[in-house]
Amino acid sequence: MAWNDLNQGAGGSIEYYNLTSPNRMVIQYSGVPQYGGGGSPLTGQIILYENGNIETHTTSVLSDGSPQTCGVEDATGTFGTAAPGRNSVSWGATNESWLFAPEAATVSWTPSGTLE
């Protein structure tokens with residue numbers, strides 16, 4: 001997914017839900033524009049797995065020439081990784097997915113709050 005600021009107030013929707021068996025959280029973006037009107041609206045999903053794996057599924061994101069990233073980082077922002085060719089460069093994608101799998105992880109998460 002494009003690591004850019006998204007503007008749901010300008011359209012589209014962001015939904016999330018928990019699949020209880022297996023325990024996975026899915027965040028779904030449907031036609032959500034980027035702030036500033038650049039690029040195309042983002043459509044895709046992020047899936048958080050119970051074992052710490054993270055998948056991104058991009059149905060559609062086009063480039064406006066500005067840099068964007070498809071990757072993950074830790075809570076402190078000190079460690080991260082990006083998909084090849086997707087780190088702070090101009091790119092677009094259609095029907096693309098990436099799996100980010102930590103070597104070893106102890107992961108816990110609890111969905112809370114609401115997306116606006």
Side-chain angles (χ1 to χ4, degrees):
M1 303 280 280
W3 185 353
N4 283 8
D5 291 334
L6 301 176
N7 186 3
Q8 186 184 0
S13 66
I14 302 173
E15 302 174 307
Y16 67 95
Y17 51 94
N18 190 23
L19 301 175
T20 57
S21 180
N23 189 21
R24 296 178 182 158
M25 182 172 190
V26 178
I27 303 108
Q28 183 165 311
Y29 302 84
S30 299
V32 181
Q34 296 178 26
Y35 271 104
S40 66
L42 174 67
T43 299
Q45 291 183 336
I46 297 172
I47 304 171
L48 306 176
Y49 287 85
E50 62 278 5
N51 65 358
N53 289 352
I54 299 172
E55 277 185 22
T56 64
H57 296 264
T58 303
T59 303
S60 175
V61 64
L62 300 177
S63 174
D64 67 349
S66 64
Q68 46 194 27
T69 298
C70 176
V72 295
E73 68 179 28
D74 68 0
T76 65
T78 57
F79 177 78
T81 189
R86 301 285 190 257
N87 190 7
S88 193
V89 296
S90 176
W91 58 273
T94 302
N95 298 328
E96 177 179 271
S97 64
W98 293 96
L99 171 64
F100 299 93
E103 291 182 22
T106 302
V107 177
S108 64
W109 49 266
T110 304
S112 64
T114 59
L115 299 175
E116 297 181 19

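Computed from a prediction, not measured in an experiment: that's the story for all the values here. Basis for what follows: all heavy atoms, side chains included, without hydrogens, waters or symmetry-related copies. We count residues from 1, following the sequence as given.
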Can you see which heavy atom on Q68 is nearest to which on W91, and at what distance?
-> NE2-O, 2.7 Å
Give, for atom OG1 of T81 and atom CD1 of I54, the distance between the pair rounded to the nearest 0.5 Å.
-> 11.0 Å
ILVMFWY network linking Y49 to Y17, side-chain heavy atoms under 4.5 angstrom = yes
Among the clusters formed by ILVMFWY side chains lying less than 4.5 Å apart, do W98 and V89 turn up in the same one?
-> yes
Work out which heavy atom in G92 is nearest to a heavy atom in R86; give both atom names and the distance.
-> O-NH2, 4.0 Å
What are the two closest non-hydrogen atoms of V61 and Q34, and how far apart are they?
-> CG2-NE2, 4.2 Å
Can you tell me how far the CD atom of E55 sits from the CZ atom of F100, to the nearest 0.5 Å?
-> 10.5 Å
Roughly how far, to the nearest 0.5 Å, is CD of Q45 from OG1 of T56?
-> 10.5 Å
Reported OG1-to-CG distance for the pair T43 and N95, which is rounded to 0.5 angstrom = 10.5 Å
So, for Q8 and S13, which heavy atoms are closest and what is the spacing to 0.1 Å?
-> NE2-CA, 3.6 Å
Say you draw a straight line from CZ of R24 to CG of N53; how long is it, rounded to the nearest 0.5 Å?
-> 9.0 Å
In terms of heavy-atom contacts, G31 and P33 come closest through O-CD, 3.4 Å
Any link between I14 and L48 through a network of hydrophobic side chains (Ile, Leu, Val, Met, Phe, Trp, Tyr) touching at under 4.5 Å?
-> yes
Any idea which heavy atoms bring T69 and A82 closest together, and the distance?
-> CG2-CB, 4.1 Å
From I46 atom CD1 to Y29 atom OH, the distance as rounded to the nearest 0.5 Å | 4.0 Å
